[in-house]
Amino acid sequence: MRVIAGSARRLLLKTIDGIDTRPTTDRLKETLFNMITPDLYGCRFLDLFSGSGGIGIEALSRGADWAVLIEQNPKALACIRENLKNTGLEDRSLLILGDVLTGLKRLEDKGSVFDIVFMDPPYGQNLERMVLEYLKTSDLIHEESTVIVEASLDTEFSYLNSMGFSMKKAKKYKTNQHVFLAKGAK
């Protein structure tokens, strides 16, 4: 795994051994960032279920001002810390060790607001719905924020409008998808 573009271009990123994380492949990451690059420069980026930190680091490398990465696995967080140091991006980031909801509450207490929220939760556990339930009344995002969910192809999103979110677009791949959401039902 590597940083694809920007200030840390071509630098390799470490991942932890085992199946505890599922890094987004370089090909999917490149497609995702081709879609959001115009919105990255100067943005505040939130990476939930961060794993090795590849998505948050790519956002920083491509011009995000600030990124917060939340991960509950201590080994994965140590890996993120090392990746940020090796890419020279640690001064523009905050790492939070803990479950995502606890991390979100900590950020809310600090008055943080994000332009882009990316989440890649473990599949099949309905965690994306839990996070969206929290974000629907949260001040962590605003009307112009984009929430991106990486999910399996069979993940159900029919509840979005009832939660106050609308689907802007969805990009489907062979085994998963990126779903782009905005606050405010259509």
Side-chain angles (χ1 to χ4, degrees), residues 1-9 11-26 28-30 32-33 36-37 39-123 125 127-128 130-132 134-135 138-141 145-151 178-181:
M1 195 169 77
R2 64 187 169 91
V3 180
I4 297 169
S7 64
R9 183 179 186 190
L11 293 178
L12 295 178
L13 299 174
K14 295 182 178 184
T15 61
I16 63 170
D17 292 332
I19 59 169
D20 290 339
T21 62
R22 186 189 64 254
T24 301
T25 65
D26 285 351
L28 266 69
K29 186 166 48 170
E30 187 167 10
L32 169 67
F33 278 91
I36 65 171
T37 291
D39 302 322
L40 274 178
Y41 187 77
C43 85
R44 295 178 59 84
F45 195 93
L46 178 58
D47 184 359
L48 306 175
F49 309 95
S50 296
S52 63
I55 297 295
I57 290 169
E58 188 76 34
L60 288 169
S61 179
R62 291 181 184 232
D65 273 354
W66 179 251
V68 175
L69 297 92
I70 301 176
E71 174 57 51
Q72 70 178 1
N73 182 325
K75 289 180 183 177
L77 197 76
C79 183
I80 296 169
R81 186 172 282 112
E82 190 174 337
N83 285 334
L84 284 164
K85 183 177 181 185
N86 291 339
T87 57
L89 299 169
E90 71 269 31
D91 62 330
R92 294 177 23 224
S93 63
L94 172 67
L95 302 180
I96 297 177
L97 175 62
D99 71 89
V100 166
L101 287 184
T102 301
L104 291 173
K105 289 173 187 167
R106 285 180 54 195
L107 290 170
E108 194 123 35
D109 291 343
K110 293 180 180 189
S112 301
V113 180
F114 296 92
D115 304 300
I116 300 174
V117 176
F118 177 84
M119 70 174 106
D120 182 8
Y123 294 169
Q125 297 181 26
L127 296 172
E128 60 282 333
M130 176 190 69
V131 172
L132 292 171
Y134 182 89
L135 290 176
S138 171
D139 290 330
L140 290 171
I141 59 174
S145 296
T146 299
V147 177
I148 305 164
V149 182
E150 186 168 319
H178 285 128
V179 179
F180 296 76
L181 309 173

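Heavy-atom basis, side chains included; hydrogens, waters and symmetry copies ignored. All values derive from a computational prediction rather than experimental measurement.
- Atoms CG and CG, from Leu107 and Leu140 in turn, are 6.0 Å apart once rounded to the nearest 0.5 Å.
- Shortest non-hydrogen contact noted between Glu90 and Lys85 is OE1-CA, 3.5 Å.
- Under the 4.5 Å side-chain criterion, counting only non-hydrogen atoms from C-beta, Phe45 is not in contact with Leu60.
- The only member of Ile116, Ile70, Leu94, Leu69 that meets side-chain contact (heavy atoms from CB on, under 4.5 Å) when paired with Leu46 is Ile70.
- To the nearest 0.5 Å, the span separating CZ on Arg81 from CG on Asn86 amounts to 13.0 Å.
- Each of Val149, Ile55, Val147 was evaluated against Phe118; a single residue qualifies, Ile55, per the side-chain contact (heavy atoms from CB on, under 4.5 Å) test.
- Using modelled atom types, one side-chain atom of Arg92 and one backbone atom of Ala64 make a donor-acceptor pair closer than 3.5 Å.
- Within the 4.5 Å cutoff, the side chain of Leu132 has heavy atoms near those of the Leu181 side chain.
- Pairs engaging residues 107-119 under the side chain to side chain donor-acceptor pair (under 3.5 Å) rule: Glu108-Tyr134, Glu108-Ser138, Asp115-His142 [sequence neighbours left out].
- In terms of heavy atoms, Ser145 sits closest to Phe114 at OG-O, 2.6 Å.
- Looking only at distances, no side-chain donor or acceptor of Ser61 sits under 3.5 Å from a matching main-chain atom of Ile57.
- Taking both residues in full, the closest heavy atoms of Asn83 and Ser52 are given as ND2-O, 3.1 Å, listed atom of the first, atom of the second, then distance.
- Taking 4.5 Å as the limit, some side-chain heavy atom of Leu84 sits within range of a side-chain heavy atom of Ile80.
- At a threshold of 4.5 Å between non-hydrogen side-chain atoms, the residues Glu128 and Tyr123 do not count as touching.
- Atoms CG and OG1, from Leu32 and Thr37 in turn, are 8.5 Å apart once rounded to the nearest 0.5 Å.
- The backbone N or O of Val113 lies less than 3.5 Å from a partner atom in the side chain of Arg44, making a donor-acceptor pair.
- Atom-to-atom distance recorded for Asp91:CG and Trp66:CH2 is 8.5 Å, nearest 0.5 angstrom.
- His178 and Leu28 make their closest contact through CE1-O, 4.0 Å (heavy atoms, listed as atom of the first residue, atom of the second, distance).
- Evaluation of the side chain to side chain donor-acceptor pair (under 3.5 Å) rule for Asp139 yields no partner, not counting sequence neighbours.
- The shortest heavy-atom contact between Glu71 and Ala76 is CG-CB, 3.6 Å.
- Smallest separation of non-hydrogen atoms from Gly42 and Asp65: O-OD2, 3.4 Å.
- How far CD of Glu58 is from CG of Leu40: 9.0 Å, rounded to the nearest 0.5 Å.
- For Ser93 (side chain) and Ala67 (main-chain N/O), no donor-acceptor pair under 3.5 Å exists by modelled atom type.
- Tested against Val117 for a side-chain contact (heavy atoms from CB on, under 4.5 Å), the candidates Val68, Leu104, Thr146, Leu48 yield a single pass: Leu48.
- A heavy-atom distance below 4.5 Å is found between the side chains of Ile148 and Ile36.
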